[in-house]
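Encoded as structure tokens, the structure appears first; notes follow it.
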Amino acid sequence: METAYGAGRAGGAFDPITFIKQPQSIVRAVCWLFSIVVFGSIANEGYVNRPNEVEQHCIFNRNPSACGYGVGVGVLAFLASTAFLALDAYFPQISSVKDRKKVVLADIGFSASWSFLWFVGFCFLTNQWQAAKLEDNPLREGADAARAAITFCFFSIFSWGYLVIFSMDRLKDITFVEEYNKLFPAQETPPLA
């Protein structure tokens, strides 16, 4: 069976079992889950206040940028994982080789960028967590949530990196048969008399 950008010829029927079993789908679902853990733990338990204060502050060294970064990158990763998962399901239906190439290149670019952003997030949150003062949060409320956010930022670096590898592999499995046939359609030759 010939492939173009990691998928068979367009127009095949969608098989959900095969789609779920694909390594790329599994890793993308893991990325989706990790992003929920990061932004959910920060949004849920990432803000605390001192007993004598009313206003809540970020658990990461009272730095609102740290909490905002974790939530922002996590929410965008969640939305992108959902969108790319839907695009992976639709991918075999894309008939144009050029459109498939655009999808694969967008996946590579976004996944590489998000792997880097998770690395920055891991370093930033770890630094701010280490610099946090005990008097800002004497009971260490939300400490487990902060550690979970840091840990899953670390895991997300590799999960998004695996998506880059899978997309590069998809890009490597190129045959230009479909594009060639589209540019130079086969002409029927009249039978020789």
Side-chain angles (χ1 to χ4, degrees), residues 5-7 16 18-48 56-91 100-132 136-137 140-173:
Y5 290 100
T18 305
F19 174 72
I20 292 170
K21 289 182 179 180
Q22 290 177 345
Q24 185 166 355
S25 299
I26 294 168
V27 173
R28 200 170 306 279
V30 166
C31 290
W32 181 80
L33 183 65
F34 287 175
S35 67
I36 291 173
V37 171
V38 172
F39 82 79
S41 60
I42 294 173
N44 189 33
E45 296 184 39
Y47 295 91
V48 295
Q56 292 186 337
H57 297 282
C58 180
I59 196 169
F60 295 101
N61 198 25
R62 297 173 68 96
N63 185 349
S65 297
C67 286
Y69 186 87
V71 170
V73 171
V75 168
L76 291 174
F78 169 79
L79 295 173
S81 294
T82 305
F84 277 113
L85 199 58
L87 199 55
D88 285 345
Y90 180 68
F91 191 76
R100 287 182 179 186
K101 182 179 179 181
K102 289 176 187 176
V103 168
V104 172
L105 290 176
D107 190 13
I108 291 170
F110 190 87
S111 298
S113 299
W114 240 250
S115 185
F116 174 73
L117 289 177
W118 281 121
F119 174 73
V120 170
F122 169 73
C123 294
F124 184 37
L125 294 180
T126 302
N127 178 270
Q128 293 301 300
W129 180 244
Q130 289 175 340
D136 286 339
N137 187 7
R140 284 293 190 198
E141 296 175 80
D144 290 337
R147 285 191 286 271
I150 291 169
T151 301
F152 283 94
C153 278
F154 180 74
F155 292 153
S156 293
I157 297 167
F158 300 106
S159 62
W160 284 91
Y162 278 126
L163 287 176
V164 172
I165 293 169
F166 288 137
S167 294
M168 293 291 283
D169 194 39
R170 194 185 255 188
L171 190 63
K172 184 176 67 175
D173 293 337

Less than 4.5 Å apart, side chain to side chain, heavy atoms only: is that true for [X] and [Y]?
X	Y	value
Ile59	Tyr47	no
Leu125	Cys153	yes
Val103	Asp107	no
Phe154	Thr126	no

(request) Quick one: do Ile42 and Val38 satisfy side chain to side chain contact (heavy atoms under 4.5 Å, CB included)? Show the steps, please. (result) CA-CA 6 Å; Ile42 294 173; Val38 172; 4.3 Å; yes
Enter the distance from [X]:[atom1] to [Y]:[atom2] here, rounded to the nearest 0.5 Å.
X	Y	atom1	atom2	value
Phe124	Ile150	CZ	CD1	11.5 Å
Leu171	Leu105	CG	CG	5.5 Å
Cys67	Gln128	SG	CD	9.5 Å
Thr82	Leu87	OG1	CG	12.5 Å
Phe119	Phe158	CZ	CZ	9.5 Å
Ser41	Arg147	OG	CZ	12.0 Å

(request) Could you give me the CA-CA distance, side-chain angles and deciding distance for Trp32 and Leu85, then say whether side chain to side chain contact (heavy atoms under 4.5 Å, CB included) is met? (result) CA-CA 9 Å; Trp32 181 80; Leu85 199 58; 6.0 Å; no
Restricting to non-hydrogen atoms, name the atom on [X] and the atom on [Y] that form the minimum distance, rounded to 0.1 Å.
X	Y	result
Phe39	Gly70	CB-O, 4.3 Å
Tyr69	Gly121	CE2-CA, 3.3 Å
Ala149	Phe60	CB-CZ, 4.5 Å
Val71	Ala43	CG2-N, 4.2 Å
Ile108	Met168	CD1-SD, 3.6 Å

(request) Applying side chain to side chain contact (heavy atoms under 4.5 Å, CB included), run through Cys31 and Leu163 and close with a yes or a no. (result) CA-CA 9 Å; Cys31 290; Leu163 287 176; 3.7 Å; yes
(request) Using the ring of Tyr162 (Phe, Tyr or Trp, six-membered ring only), decide whether Arg28 places NZ or CZ under 6.0 Å from its centre and within 45 degrees of its axis. (result)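 No, a cation-pi geometry is absent between Arg28 and Tyr162.
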(message) Under the criterion side chain to side chain contact (heavy atoms under 4.5 Å, CB included), I'd like the reasoning laid out for Val48 against His57: C-alpha separation, chi angles, the key distance, then a yes or no.
(response) CA-CA 5 Å; Val48 295; His57 297 282; 5.8 Å; no
Please check this pair: side chain of [X] against backbone of [Y], looking for a donor-acceptor N/O pair closer than 3.5 Å.
X	Y	answer
Asn61	Asn63	no
Ser167	Val164	no
Ser115	Ser111	no
Ser159	Ser156	yes

(request) Give me the ring orientation class for Trp160 and Trp114: parallel if the planes are under 30° apart, tilted from 30 to 60°, perpendicular past 60°. (result)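 Rings of Trp160 and Trp114: tilted, 30 to 60°.
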(request) Specify whether Phe110 and Phe84 have parallel, tilted or perpendicular ring planes, treating 30° as the upper limit for parallel and 60° as the lower limit for perpendicular. (result)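 Plane angle between 30° and 60°, so tilted.
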(request) Please report the C-alpha distance between Phe155 and Phe152 in whole Å, then the side-chain angles of each, then the deciding distance to 0.1 Å, and finally whether the ring-ring contact (aromatic ring centres under 6.0 Å, His included) criterion is met. (result) CA-CA 5 Å; Phe155 292 153; Phe152 283 94; 5.6 Å; yes
(message) Between Asp88 and Arg170 (salt bridge meaning N to carboxylate O under 4.0 Å), is one present in this structure?
(response)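 So Asp88 pairs with Arg170 through a salt bridge.
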(request) Flag yes if more than 12 heavy atoms outside Phe19 fall under 6.0 Å of its CZ atom; otherwise flag no. (result)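 Atom CZ in Phe19 is crowded, with more than 12 foreign heavy atoms closer than 6.0 Å.
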